[in-house]
Amino acid sequence: MEEVEEKEEQKTVSVQWPLKVWSLTTSVRTSSPLIQCITNFVSMDIMANTLLAAGASPAMLHALQELQDFTPHIHALCINIGTLSPDWLPSMKSAAQAAAQLGKPWVLDPVAVFASEFRLRACLELLGLRPSVVRGNASEVIALANASTGTGKGVDSIHESTDAVDAAKSLARASGAVVAVSGAVDIITDGQQVIGVHNGVAMMQKITATGCAVTALIAAFIAVDPSHPLEATASALSVFGVAGEMGMEFARGPASLRMHLIDALHGLDQAAILSRVKITSIE
Ligand SMILES: Nc1ncnc2c1ncn2[C@@H]1O[C@H](COP(=O)(O)OP(=O)(O)OP(=O)(O)O)[C@@H](O)[C@H]1O
Ligand SMILES: Cc1ncsc1CCO
Ligand SMILES: [Mg+2]
């Protein structure tokens, strides 16, 4: 028993978070992973620009007819149901299936899963196709964990991320995915460990699709470190939060924050990462 506790302790202290985050940031820049995004109409621009600023290569391709040619070449896939309609679902499922078969990581953003039975059913089907990571806001993660609707406001959360820790853990255990809950503190769990990312600024909630954008960034980080999804997910959330903090120093409101966040992400250097990354073990 003593030995097990010692090992657990070693495991928690052994991640040098700021160094890990910097190392993954440079890997994304040097290897420029190709990220296929099947995403909502609102998020396409900020998502593609976020990926480009981080050094990744975005492609917003969703036609069922081209998946066979295209998906084998990607490094990771991001699926987001924000503006879901029935005709998009077959592409999402086929791309997820293809990614899983090809051994490529894929991430799911269950936007407003609480809003309708249609969204809930779609997400449960996608969850069955084994995403590496699910990233949502607190209300989305609670709804998905309980397989029930009615717990949010449009696409926004009515819960704090810390309200969703148990839901995130049970969803992670049931699905086999790492689950990330965004908010003032981002919560990341594999069902055992729970990590908190304490970066970002509240104004990020006032820019539409920042959540969608960070889910795509998670896909880019997982693409370069597929065997450590927990670390890659926490790192992507931290990097995005740090860019938000740095962008906020020049911003006058949400519109200029959007611009300065993307600039900051592009220009992030080692000193900024090492001094600003704030990741802790929560459980
Ligand atoms: N109060 C806060 N303080 C600091 N950062 C925050 C806060 N709220 C959200 N964020 C950050 O903003 C980003 C988006 O998170 P949010 O929870 O708003 O996603 P979301 O609801 O899915 O957004 P969307 O649906 O518009 O894409 C994340 O990087 C998160 O860490
Ligand atoms: C506002 C909005 N509506 C559907 S998707 C989306 C982007 C944020 O999730
Ligand atoms: Mg969202």
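In each ligand, atom 1 is the first atom listed, and ligand 1 is the first ligand listed.
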Quiz item: Is there a path of hydrophobic side-chain contacts, each under 4.5 Å between heavy atoms of I, L, V, M, F, W or Y residues, that connects I38 with V134?
Solution: yes
Quiz item: Mind checking whether C212 has an N or O less than 3.5 Å away from an N or O of ligand 1?
Solution: yes
Exercise. Kindly determine whether R135 and S182 satisfy side chain to side chain donor-acceptor pair (under 3.5 Å), including the steps that lead there.
Key: CA-CA 7 Å; R135 195 290 317 167; S182 55; 2.7 Å; yes
Quiz item: L124, L126: one ILVMFWY side-chain cluster at the under-4.5 Å cut-off?
Solution: yes
Quiz item: What is the nearest protein non-hydrogen atom to atom 21 (O) of ligand 1, stated with its residue, atom name and distance?
Solution: N137 ND2, 2.9 Å
Exercise. Take the angle between the ring planes of W88 and F41 and call it parallel below 30°, perpendicular above 60°, tilted in between.
Key: perpendicular
Quiz item: Taking the minimum heavy-atom distance to atom 5 (N) of ligand 1, which of V201, V239, T208 ranks first?
Solution: V201
Quiz prompt | Within 6.0 Å of CD in E249, more than 12 heavy atoms from elsewhere | solution = yes
Self-check item: Within-shell test, A209 vs ligand 1, heavy atom, strictly < 4.0 Å
Solution: yes
Practice problem: Have a look at ligand 1 and work out which part of R135, if any, has a heavy atom under 4.0 Å from it: side chain, backbone, both or neither. | Solution: side chain
Quiz prompt | With K20 via side-chain hydrogen bond (donor to acceptor under 3.5 Å, both in side chains) - residues at least two apart | solution = D225
Practice problem: Please confirm whether the backbone N or O of S91 pairs with a side-chain atom of S94, one donor and one acceptor, at under 3.5 Å? | Solution: no
Quiz prompt | ligand 1 N/O within reach of D156 N/O, cut-off under 3.5 Å | solution = no
Quiz item: CD of E160: more than 12 outside heavy atoms within 6.0 angstrom?
Solution: no
Quiz item: How far is atom 8 (C) of ligand 2 from its nearest protein heavy atom, and which residue and atom is that?
Solution: T208 OG1, 3.7 Å
Self-check item: Side-chain donor-acceptor contact under 3.5 Å, S31 with S27
Solution: no
Quiz prompt | Check: I46 main-chain N/O paired with N49 side-chain donor or acceptor under 3.5 Å | solution = no
Practice problem: Tell me which protein heavy atom sits closest to atom 29 (O) of ligand 1, plus the residue, atom name and distance to 0.1 Å. | Solution: F240 CD2, 3.4 Å
Quiz item: Any idea which protein heavy atom is nearest atom 9 (C) of ligand 1, and the distance to it?
Solution: Q205 CG, 3.5 Å
Exercise. May I ask whether V113 and V181 are part of the same hydrophobic cluster, defined by side-chain heavy atoms of I, L, V, M, F, W, Y residues being less than 4.5 angstrom apart, directly or through others?
Key: yes
Exercise. Could you check atom 25 (O) of ligand 1 against the protein and tell me its nearest heavy-atom contact, residue, atom and distance included?
Key: V155 O, 4.2 Å
Quiz item: With a cut-off of 4.0 Å, which atoms of ligand 2 are near a heavy atom of V111?
Solution: 9 (O)
Self-check item: Residue and atom name of the nearest protein heavy atom (relative to atom 12 (O) of ligand 1), distance in Å to one decimal
Solution: M204 CB, 3.5 Å
Quiz item: Looking at atom 24 (P) of ligand 1, what's its closest protein heavy atom, distance included?
Solution: G211 N, 3.7 Å
Quiz prompt | Heavy atoms from other residues, nucleotides or ligands near CZ of R130 exceed 12 (cutoff 6.0 Å) | solution = no
Quiz prompt | ligand 2 versus C212: contacting region, heavy-atom distance under 4.0 Å | solution = side chain
Quiz item: Looking only at non-hydrogen atoms, which of G183, S182, G244 approaches atom 19 (O) of ligand 1 most closely?
Solution: S182
Quiz item: Which protein non-hydrogen atom lies closest to atom 30 (C) of ligand 1, naming both residue and atom, and how far is it?
Solution: D186 OD1, 3.5 Å
Exercise. May I ask whether V111 places a heavy atom under 4.0 Å from ligand 1?
Key: no
Quiz prompt | Protein heavy-atom partner closest to atom 13 (C) of ligand 1 - residue, atom, separation in Å | solution = T210 OG1, 3.9 Å
Quiz prompt | atom 3 (N) of ligand 2: the protein heavy-atom neighbour that sits closest, reported with distance to 0.1 Å | solution = V155 CG1, 3.6 Å
Self-check item: Sidechain-backbone polar pair: D186 side chain, G183 backbone, donor-acceptor under 3.5 Å
Solution: yes
Quiz item: At a 4.0 Å threshold, what atoms of ligand 2 neighbour a non-hydrogen atom of V42?
Solution: 2 (C), 6 (C), 7 (C)
Self-check item: Nearest non-hydrogen protein atom, atom 4 (C) of ligand 2
Solution: G82 O, 3.3 Å
Exercise. Give the numbers and elements of all ligand 1 atoms closer than 4.0 Å to a heavy atom of A202.
Key: 1 (N), 2 (C), 3 (N), 4 (C)
